[in-house]
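Report on the following structure.
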Amino acid sequence: QVQLVESGGGLVQAGGSLRLSCAASGRDASTYAVGWFRQAPGKEREFVSAVAWSGTTVNYADDVRGRFTISRDNTENTVYLQMINLKPEDTAVYYCAARSGTAVVRTPNSYNYWGQGTQVTVSS
């Protein structure tokens, strides 16, 4: 079992920055691949970014590439999502999720564990 807790969300103006954190606990938490997803009201949950346990393999959705950076600190069992140049369309609840295995994947159903989410609101 892996437990995930997100933090760092908030209200920011367009063009601003936020850093989300996903703290993992549980057996072998640092060996899981971790993904960030988001869900806006009335929309399906969508992939944002993911990182392998090693931190060397990452993946981004096209609309965040170049603005978001995912990283992880396995000594702290924490994965970060640095977001810059935020846009109103980035407004959503952001979730982190973990999956066993080495592959970095985009499909929510591939992830075994989920956090409760943190709200990100970008005002125009």
Side-chain angles (χ1 to χ4, degrees):
Q1 282 282 353
V2 174
Q3 294 79 42
L4 304 171
V5 178
E6 303 96 336
S7 62
L11 173 63
V12 65
Q13 288 187 333
S17 302
L18 284 173
R19 188 177 78 158
L20 305 183
S21 299
C22 173
S25 61
R27 184 175 181 179
D28 298 327
S30 64
T31 66
Y32 283 67
V34 173
W36 283 98
F37 295 80
R38 65 188 181 187
Q39 188 166 19
K43 295 188 176 181
E44 293 187 353
R45 192 167 297 189
E46 64 176 6
F47 171 78
V48 175
S49 183
V51 60
W53 71 268
S54 65
T56 58
T57 302
V58 297
N59 201 344
Y60 295 98
D62 289 344
D63 58 351
V64 306
R65 188 176 291 111
R67 299 188 298 121
F68 291 10
T69 303
I70 192 169
S71 62
R72 68 188 297 163
D73 182 347
N74 286 340
T75 65
E76 299 289 336
N77 282 352
T78 301
V79 174
Y80 302 98
L81 186 69
Q82 178 68 51
M83 306 184 294
I84 65 171
N85 192 21
L86 283 161
K87 304 175 181 180
E89 51 264 43
D90 294 319
T91 295
V93 178
Y94 283 69
Y95 300 89
C96 68
R99 66 182 301 275
S100 58
T102 58
V104 175
V105 299
R106 297 178 168 228
T107 53
N109 290 343
S110 298
Y111 288 79
N112 309 103
Y113 305 101
W114 290 82
Q116 294 300 306
T118 185
Q119 176 71 47
V120 172
T121 303
V122 184
S123 62
S124 57

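Keep in mind that the numbers below use all heavy atoms, side chains included, and drop hydrogens, waters and symmetry copies. Here, residue 1 is the first one in the sequence, and each next residue gets the next number.
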Specify the closest pair of heavy atoms between [X] and [Y], including all atoms of both residues, with the distance to one decimal.
X	Y	result
Leu81	Tyr94	CD2-CD2, 4.4 Å
Ala40	Ala92	N-CB, 3.8 Å
Ser54	Thr57	OG-N, 4.3 Å
Val104	Val51	CG2-C, 3.9 Å
Ala33	Ala103	CB-O, 3.7 Å
Arg45	Pro108	O-CG, 4.4 Å

If you measure from [atom1] on [X] to [atom2] on [Y], what distance do you get to the nearest 0.5 Å?
X	Y	atom1	atom2	value
Tyr80	Thr69	OH	OG1	14.0 Å
Cys96	Ile70	SG	CD1	9.5 Å
Met83	Ser49	CE	OG	11.0 Å
Arg99	Ser110	CZ	OG	5.5 Å
Asn77	Leu4	CG	CG	10.5 Å
Ser123	Gln13	OG	CD	5.0 Å

Considering only NZ, NE, NH1 and NH2 on the basic side and carboxylate oxygens on the acidic side, decide whether Asp62 and Arg67 come within less than 4.0 Å. no

Would you call Asp63 and Lys87 a salt bridge, using N to O less than 4.0 angstrom? no

Test log, rule side-chain contact (heavy atoms from CB on, under 4.5 Å), inputs Arg72 and Val34: CA-CA 9 Å; Arg72 68 188 297 163; Val34 173; 4.2 Å; yes

Specify whether Phe37 and Tyr111 have parallel, tilted or perpendicular ring planes, treating 30° as the upper limit for parallel and 60° as the lower limit for perpendicular. perpendicular

Fit a plane to each ring of Tyr113 and Tyr32, take the angle between them on a 0 to 90° scale, and name the class: parallel (under 30°), tilted (30 to 60°) or perpendicular (over 60°). perpendicular

Can you tell me if [X] uses its side chain to pair, donor with acceptor, with the backbone of [Y] under 3.5 Å?
X	Y	answer
Asn74	Trp53	yes
Thr91	Glu89	no
Glu6	Gly117	yes

Kindly indicate, with the supporting measurements, whether the criterion side chain to side chain donor-acceptor pair (under 3.5 Å) is fulfilled by Asp73 and Thr75. CA-CA 5 Å; Asp73 182 347; Thr75 65; 2.4 Å; yes

Side chains of [X] and [Y], heavy atoms from C-beta outward: is any pair under 4.5 Å?
X	Y	value
Asn112	Ser100	yes
Phe68	Asp90	yes
Val48	Tyr60	no

When you measure from the centre of the six-membered ring of Tyr95, is the NZ or CZ of Arg38 closer than 6.0 Å and no more than 45° off the axis? no

Assigning hydrophobic clusters by single linkage (Ile, Leu, Val, Met, Phe, Trp, Tyr; side-chain heavy-atom cutoff under 4.5 Å), is Phe47 placed with Trp114? yes

According to a hydrophobic-cluster definition based on side-chain heavy atoms being under 4.5 Å apart (Ile, Leu, Val, Met, Phe, Trp, Tyr only), do Val58 and Val64 belong together? yes

Passing option when Leu18 is tested against Leu11, Val122, Ile84, Val120 for side-chain contact (heavy atoms from CB on, under 4.5 Å): Val120

For Val93 and Thr118: C-alpha separation, side-chain torsions, deciding distance, then whether side-chain contact (heavy atoms from CB on, under 4.5 Å) applies. CA-CA 5 Å; Val93 178; Thr118 185; over 6 Å; no

